[in-house]
Q: 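Structure incoming, see below.
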Amino acid sequence: MTSRTVTLVLCTGTTVHGSLPPLHVQQPWWQEAEDVVAATVREHGLEVTVLRLLDVSTQDTSEGGSVTYLAETASRPGVPLAAWTGPDPVGDHPRRASWARPGGPASDLAWADAQLFAAERRPVGAPVQVRTWNLSSLWRLGTTSGTVWLKVVSGLLGPEADVLELVGRTRPGSVPDVVGGADGRLLLEEVPGEDLYGAGPDRMTGPARTLVGLQSELAGDRAGLLGARLPDRRSGDVADRSARMVDRWATRLERRSRDRLVALVSGLQERLAAVAACGLPDTLVHGDFHPGNVRGTATDVRLLDWADATLGRPELDGLRLVGAMAPEDRREMRERWCGAWQEARPGSDPARALALVAPVGAVLAAATYQ
């Protein structure tokens, strides 16, 4: 595994102080902040909050390399700093995430403290910043009655608190318990156990069956799905979004790729109609169902991270799950996912549905993120 060489440009409010000497941390993933904060305390005795990425030396978030962040401190630190000569790091942008701005994380933590106070729980120890990136911010908070997690998401993602309430009501014990949630902020009880990164079909069959059963049941709960304010990604919406994406970007592709993409998208409505004819319903879609978004013990497993949830085609979750497996495990995982749907919806043809969706999964994801 590669590591990161981290440079922190320090600010207090909109005042930029300069940059610390490079630090070395083991985790390569750019969004991980906990080890960066710990290294800064260890090397300089300085408490910081990482705000956002400023510069990188590679193009892959998992490759580590040299990474520069903007970080906030309470006041100008009493350690030597190099002058920062790059672009203004505290200049605002209308699309910048709230937690990437000076003062943003403090506002999020104040909201969490208010939620805990209302629940008659008191903080224990200092909050721990775990992650910050363009999609979300994540903190771990100790309390007098156990650990909670503060998650903040951008407006790009769906109303996760509403989704968790719907899922928890439909399948109790299948998702983390919610302490509070509002305006993109979510306070969750900790889930004991471990994240299932790298898990194969044997470990993921149970969670997959839980999700399939939930999706089959919720397909008949129109009021519940609409009440969760899910982004609508059913066939008509998706086809229109995909066509607009092609109009905007296709000219940047070389001709053969462009022609194939145009042909694929022009037949998308008919393809999705064929998918629907396979017998699986429009329903709640997790949106990022892979082993890393499942956590628990041998007897208690919860499905995490519903920020990408939509109303649409459940085959997309099957496609994501199968693709997350090691190559030698994909066929087995596909068969088990299909078996779960055949039990939930006798007479359906999930294998054909998954095959029809497979060529367009990336197109649908790209259209969503446009």
Q: From the options L51, T49, V50, D108, select the one residue that forms a side-chain contact (heavy atoms from CB on, under 4.5 Å) with W99.
A: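 Among the candidates, only D108 passes.
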Q: Taking a hydrophobic cluster as the set of Ile, Leu, Val, Met, Phe, Trp and Tyr residues connected by side-chain heavy atoms closer than 4.5 Å, whether directly or through intermediates, do V301 and W306 fall within one such cluster?
A: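 As far as the 4.5 Å side-chain criterion goes, W306 and V301 are connected within one cluster.
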Q: Just so I know, are the side chains of Y69 and R4 near enough to count as touching, which here means a heavy-atom distance under 4.5 Å?
A: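 Y69 vs R4: side chains touch.
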Q: Atom CG of L23 and atom NE2 of H44: how far apart are they, to the nearest 0.5 Å?
A: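 Those atoms lie 4.5 Å apart.
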Q: Locate the shortest heavy-atom distance separating A219 from T283; write the atom from each residue and the value.
A: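 Nearest heavy atoms, A219 then T283: N-OG1, 3.5 Å.
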Q: Check whether more than 12 heavy atoms from other residues, nucleotides or ligands sit under 6.0 Å from atom CG of D183, and answer yes or no.
A: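 Check fails, neighbour count at 12 or below.
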Q: Inspect the contact between D202 and R336 and indicate whether a charged nitrogen and a carboxylate oxygen are less than 4.0 angstrom apart.
A: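 Salt bridge between R336 and D202, a charged N being under 4.0 Å from a carboxylate O: yes.
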Q: Identify whether the distance between the nearest side-chain nitrogen and carboxylate oxygen of R244 and D240 falls below 4.0 Å.
A: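 So R244 does not pair with D240 through a salt bridge.
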Q: What is the minimum heavy-atom distance between R122 and L116, and which atoms define it?
A: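 Nearest heavy atoms, R122 then L116: NH1-O, 4.4 Å.
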Q: Over all heavy atoms of both residues, which pair between A228 and L166 is shortest? Give the atoms and the distance, please.
A: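 The pair with the smallest heavy-atom distance is CB-CD2, 4.0 Å.
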Q: Could you check whether any side-chain heavy atom of R76 comes within less than 4.5 Å of a side-chain heavy atom of L81, counting everything from C-beta outward?
A: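 When only atoms from C-beta onward are counted, L81 and R76 do touch, with a gap below 4.5 Å.
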Q: I would like to know whether L164 and L186 meet side chain to side chain contact (heavy atoms under 4.5 Å, CB included); could you show each step before the answer?
A: CA-CA 10 Å; L164 288 173; L186 194 59; 3.6 Å; yes
Q: Could you check Q26 against D35 for side chain to side chain contact (heavy atoms under 4.5 Å, CB included), going step by step and ending with a plain yes or no?
A: CA-CA 8 Å; Q26 288 303 308; D35 52 355; 5.6 Å; no
Q: With distance as the sole criterion, is a donor-acceptor pair present between the side chains of T147 and R140 under 3.5 Å?
A: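 Their side chains do not contain a donor-acceptor pair, so the 3.5 Å distance test is not met.
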Q: Does atom CZ (R169) have a neighbourhood of more than 12 heavy atoms from anything else shown, all under 6.0 Å?
A: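 Yes, the 6.0 Å shell around CZ holds more than 12 heavy atoms from other groups.
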Q: Does any non-hydrogen side-chain atom of W133 lie less than 4.5 Å from one of L53?
A: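 Side chain of L53 against side chain of W133, heavy atoms only: no contact under 4.5 Å found.
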Q: Which heavy-atom pair separates L304 from P176 by the least distance, and what is that distance?
A: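 Where L304 meets P176 most closely, the heavy atoms are CD2-CG, 3.4 Å.
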Q: Around E335, counting heavy atoms of other residues, nucleotides and ligands shown, do more than 12 lie under 6.0 Å from its CD?
A: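 Enclosed.
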Q: For R352, look at atom CZ and say whether over 12 heavy atoms of other residues, nucleotides or ligands are found less than 6.0 Å away.
A: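 No.
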Q: I'd like to check V175 versus R302 (side-chain heavy atoms, cut-off strictly below 4.5 Å). Are they in contact?
A: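 V175 does not reach R302 side chain to side chain.
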Q: Counting only heavy atoms not in E328, do more than 12 fall under 6.0 Å of its CD?
A: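 Counting neighbours around CD of E328, more than 12 heavy atoms of other residues, nucleotides or ligands fall under 6.0 Å, so yes.
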Q: Atom CD of Q129 and atom CD of E34: how far apart are they, to the nearest 0.5 Å?
A: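 One gets 9.5 Å once the value is rounded to the nearest 0.5 Å.
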Q: Take E315 and R271 through the salt bridge (Lys or Arg N to Asp or Glu O under 4.0 Å) test and state the conclusion after the steps.
A: CA-CA 13 Å; E315 296 87 357; R271 179 180 288 269; over 6 Å; no
Q: Tell me, with the steps shown, if D162 and R229 meet salt bridge (Lys or Arg N to Asp or Glu O under 4.0 Å).
A: CA-CA 7 Å; D162 291 349; R229 298 181 296 136; 2.6 Å; yes
Q: Nearest 0.5 Å, what's the CG-OG1 distance between L284 and T310?
A: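 The OG1 atom of T310 is 7.5 Å from CG of L284, to the nearest 0.5 Å.
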Q: Looking only at the side chains, is there a donor atom on one of S107 and R101 sitting less than 3.5 Å from an acceptor on the other?
A: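 The criterion, which ignores hydrogens and geometry beyond distance, is not satisfied for R101 and S107.
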Q: Which heavy-atom pair separates D288 from D317 by the least distance, and what is that distance?
A: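 Nearest heavy atoms, D288 then D317: N-OD1, 4.2 Å.
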Q: What's the separation between atom CE in M204 and atom NE2 in H290, rounded to the nearest 0.5 Å?
A: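 Reported to 0.5 Å precision, the distance equals 9.0 Å.
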Q: Out of curiosity, L8 CG to W84 CH2, how far, rounded to the nearest 0.5 Å?
A: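 Reported to 0.5 Å precision, the distance equals 11.0 Å.
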Q: Can you give me the closest heavy-atom contact between T73 and S75, atom names plus distance?
A: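 Distance-wise, the nearest heavy atoms are OG1-O, 2.9 Å.
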